[in-house]
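The structure under discussion appears below in the form of structure tokens.
Please read these numbers as outputs of a predicted model, since none were measured by experiment.
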Amino acid sequence: MMLTALGLMSGTSLDGVDVALIETDGRRVNALGPSGYRPYTDAERGLLRQALYEAADLADRAARPGCLREAERVVTSAHAEAVAAFTAQHRMRFDDIDIVGFHGQTVLHRPEKKLTVQIGDALTLARTIHIPVMYDFRAADVEAGGQGAPFVPVYHRALAQSLEWEGPTVVVNIGGVANITYIDGDTLIACDTGPGNALLDDHMFRRMSQRFDTEGRTAALGRVDAAWINRALEMPFFSLPPPKSLDRNDFAGLKLRDMPPEDGAATLTAFTVAAIARVVPLLPNEPKNWIVAGGGARNLTMLRMLRECLAPATVRAADTLGWASDAIEAQAFGFLAARGLKGLPLSYPATTGVPLPMTGGIIARP
């Protein structure tokens with residue numbers, strides 16, 4: 001039975017709430033509906049940055065010390081507003097939607113401690129929007145010993161089924177953290193590769209008071225510090241085989257030397273690209289095709305660097321395939337909600353390292 005699912009995603013880049021409608025049975029995608037976006041205000045974004053800082057020492061995933069409780073309220077309210085605006089714009093009633101997939105806002109991800117924390121009050125959200133909400137997708141995987149990330153590979157596979165390309169295909173999602181899904185016939189492998197836009201966004205905010213490097217224009221004017229990148233790539237994470245995952249702040253200790261902001265942007269953009277390329281020798285076969293999604297797909301300098309670094313493979317932005325690059329993760333959590341309702345696996349040994357295929361998610365009803 002096909003379900004109409006609404007996916008909600010607030011990523012590690014802290015930019016806002018993505019909303020996307022999808023029609024699916026949890027195995028295949030029957031139709032992609034419209035998508036929407038509710039940006040965080042500067043004040044909300046500042047609060048979430050503080051929440052990331054205050055969550056660093058959490059040991060109890062239910063605890064909300066310091067500003068975390070207020071941050072959770074803000075995240076919940078922003079998601080409710082995003083759903084209300086979306087349904088109003090598209091003249092939908094709440095009973096037109098079977099399930100909402102609510103990822104929440106990750107503030108801490110420490111799978112080695114069996115700990116992953118996404119803030120957002122699903123019960124309050126469900127009661128506000130009058131639609132059942134599935135949430136807490138990652139917890140069961142982490143509790144079972146998995147990495148709890150990346151969680152989008154099963155959706156990438158569903159999208160890629162229609163392409164019928166020869167040879168291995170990789171979907172790389174460049175959000176705050178970058179992750180890949182390797183698809184080759186029945187083989188599905190996934191992992192985080194390193195920083196996505198997080199370090200670059202933080203640099204742009206700190207040095208130029210900009211939220212991100214629009215189209216990679218700042219990086220295009222700079223010079224790459226290759227020696228800095230080579231030293232950064234010596235971190236043990238980059239030589240680990242998949243599956244593996246990261247917290248947004250795992251690279252926060254990396255500091256650029258004193259350099260012009262353009263050089264810093266160029267270096268951090270090239271670092272993201274180099275980290276993605278480092279995963280190629282760790283895969284069963286060299287990919288023939290790469291599909292770039294997420295915020296990084298809009299960064300023309302990052303796309304150019306990827307094409308240079310991954311040649312002779314073909315590198316395409318997801319939008320050129322008719323995929324809505326900015327909406328893919330939101331679509332994925334609608335898809336995962338449908339799978340969760342049907343008890344289908346959300347993660348696998350080769351995607352998160354979990355011992356056996358795992359379902360997950362909890363339902364909050366209005």
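Looking only at side-chain heavy atoms (C-beta outward), Val142 and Leu115 stay at 4.5 Å or farther from each other. Side-chain contact between Pro242 and Leu282: present, with at least one pair of heavy atoms (C-beta onward) separated by less than 4.5 Å. Taking 4.5 Å as the limit, every side-chain heavy atom of Tyr135 sits out of range of all side-chain heavy atoms of Val100. Residues Leu341 and Ile363 meet the side-chain proximity criterion, which asks for heavy atoms closer than 4.5 Å. The side-chain heavy atoms of Leu200 and Asn299, taken from C-beta on, include a pair separated by under 4.5 Å. Between Val315 and Val292 the shortest side-chain heavy-atom distance falls below 4.5 Å. Here the side chains of Pro349 and Pro357 are in contact, with some heavy-atom distance below 4.5 Å. Counting heavy atoms from C-beta on, the side chains of Pro168 and Leu283 never come closer than 4.5 Å.
Here the CG atom belonging to Asn173 is positioned 4.0 Å from the CD atom belonging to Glu329, to the nearest 0.5 angstrom. Rounding to the nearest 0.5 Å gives a distance of 16.0 Å between OH of Tyr37 and CZ of Phe86. Interatomic distance, CG of Leu14 versus CG of Asp201, reported as 8.5 Å (0.5 Å rounding). Distance CG/Leu306 to CH2/Trp290: 8.0 Å, rounded to 0.5 Å. Here CD1 of Ile97 is found 7.5 Å from CD1 of Ile129. Values are rounded to the nearest 0.5 Å. For the atom pair CZ (Arg207) and CG (Asp202), the distance works out to 13.5 Å, reported to the nearest 0.5 Å.
Looking only at distances, no side-chain donor or acceptor of Arg127 sits under 3.5 Å from a matching main-chain atom of Pro366. Ser77 places no side-chain N or O within 3.5 Å of a backbone atom of Arg73 that could act as its donor or acceptor partner. In this structure, Thr169 contributes its side chain and Asn289 its backbone to no donor-acceptor pair below 3.5 Å. With hydrogens and angles disregarded, no donor-acceptor distance shorter than 3.5 Å links the side chain of Thr267 to the backbone of Gly264. Of the possible polar contacts, none joining the Asn179 side chain to the Pro150 backbone as a donor-acceptor pair under 3.5 Å is found. A side-chain donor-acceptor contact under 3.5 Å links Ser325 to the backbone of Gly294. Between the side chain of Ser209 and the backbone N or O of Arg206 there is no donor-acceptor pair closer than 3.5 Å. Under the 3.5 Å distance criterion, the side-chain polar atoms of Asp213 are matched with a main-chain donor or acceptor of Thr218. Judged purely by atom type and a 3.5 angstrom limit, His79 uses its side chain to pair as donor or acceptor with the backbone of Val75. For Arg339 (side chain) and Gly26 (main-chain N/O), a donor-acceptor pair under 3.5 Å exists by modelled atom type.
Salt-bridge check for Arg93 with Asp95: passed, with a basic side-chain N closer than 4.0 Å to an acidic carboxylate O. Salt bridge annotation for Arg257-Asp225: present, with a cationic side-chain nitrogen under 4.0 angstrom from a carboxylate oxygen. Using a 4.0 Å cut-off between charged side-chain N and carboxylate O, Asp42 and Arg45 make a salt bridge. Ion pairing between a basic and an acidic side chain is recognised when a charged N comes within 4.0 Å of a carboxylate O; Asp136 and Arg61 show such pairing. Residues Arg298 and Asp326 are paired through a salt bridge, judged by an N-O separation under 4.0 Å between the basic side chain and the carboxylate. Electrostatic pairing of Asp250 and Arg110 counts as a salt bridge here, judged by a charged N lying under 4.0 Å from a carboxylate O. The existence of a salt bridge linking Glu72 and Arg64 is confirmed by a sub-4.0 Å separation between a basic side-chain nitrogen and an acidic carboxylate oxygen.
Ser13 and Asn197 share no side-chain donor-acceptor pair at under 3.5 Å. Between the side chains of Ser245 and His109, at least one donor-acceptor pair of N or O atoms lies under 3.5 Å. Using modelled atom types and a 3.5 Å distance limit, the side chains of Thr187 and Asp184 yield no donor-acceptor pair. Under the 3.5 Å distance criterion, with hydrogens and angles disregarded, a donor-acceptor pair is assigned to the side chains of Gln118 and Thr116. Looking at Ser10 and Gln105, their side chains do bring a donor and an acceptor atom within 3.5 Å of each other.
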Inset, instruction - Please assess Leu125 against Asp121 for the test side chain to side chain contact (heavy atoms under 4.5 Å, CB included), listing each intermediate value before the final yes or no. - result: CA-CA 6 Å; Leu125 179 63; Asp121 185 337; over 6 Å; no

Inset, instruction - Please test Asp141 against Ser347 for side chain to side chain donor-acceptor pair (under 3.5 Å), starting from the C-alpha separation and ending with a verdict. - result: CA-CA 7 Å; Asp141 181 280; Ser347 59; 2.6 Å; yes

Inset, instruction - Test Phe94 against Asp96 for side chain to side chain contact (heavy atoms under 4.5 Å, CB included), laying out the working first. - result: CA-CA 5 Å; Phe94 64 84; Asp96 291 330; over 6 Å; no

Legend entry - Phe102 vs Phe333, ring-ring contact (aromatic ring centres under 6.0 Å, His included): CA-CA, chis, key distance, verdict: CA-CA 7 Å; Phe102 174 43; Phe333 279 93; 9.9 Å; no

Inset, instruction - Start with the C-alpha distance between Leu344 and Thr359, add both sets of side-chain angles, then the distance that settles side chain to side chain contact (heavy atoms under 4.5 Å, CB included), and finish with yes or no. - result: CA-CA 6 Å; Leu344 297 170; Thr359 189; 5.9 Å; no

Inset, instruction - Please lay out, stage by stage, how Met2 and Arg28 fare under the test side chain to side chain contact (heavy atoms under 4.5 Å, CB included). - result: CA-CA 9 Å; Met2 287 291 165; Arg28 59 192 176 90; 3.3 Å; yes

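Thr351 approaches Pro153 most closely through the heavy-atom pair CG2-CB, 4.0 Å. The shortest heavy-atom contact between Leu58 and Pro65 is CD2-CD, 3.6 Å. Here the closest non-hydrogen pair linking Val17 and Ala82 is CG1-CB, 3.9 Å. Shortest non-hydrogen contact noted between Ala20 and Gln331 is CB-CG, 3.5 Å. Between Ala266 and Ala219 the shortest heavy-atom distance is CB-O, 3.4 Å. The two residues Ala71 and Leu48 come nearest to each other via the heavy atoms CB-CD2, 4.1 Å.
By the 6.0 Å contact criterion, CG on Asp60 is enclosed, its count of non-hydrogen atoms from other residues, nucleotides or ligands being greater than 12.
The cationic group of Arg316 lies under 6.0 Å from the six-membered ring centre of Trp165 and within 45° of the ring axis, placing it in a cation-pi geometry.
Taking the six-membered ring where tryptophan is involved, the planes of Phe238 and Phe271 are perpendicular, since the angle between them exceeds 60° and thus also 30°. The aromatic rings of Phe335 and Tyr155 are tilted relative to each other, their planes meeting at an angle between 30° and 60°.
Residues Val171 and Ile180 do not share a hydrophobic cluster, defined by chaining ILVMFWY side chains whose heavy atoms lie under 4.5 Å apart. One hydrophobic cluster, built from ILVMFWY side chains closer than 4.5 Å, cannot hold both Leu21 and Met9; they sit in different ones. A chain of hydrophobic side-chain contacts below 4.5 Å, direct or via other Ile, Leu, Val, Met, Phe, Trp or Tyr residues, connects Leu32 to Val152. Hydrophobic clustering (ILVMFWY, side-chain heavy atoms < 4.5 Å, transitive): Met302 and Val177 are in one cluster.
Listed by chain and number, the residues in a salt bridge (charged side-chain N to carboxylate O under 4.0 Å, His left out) with Glu44 are Arg38 (sequence neighbours excluded).
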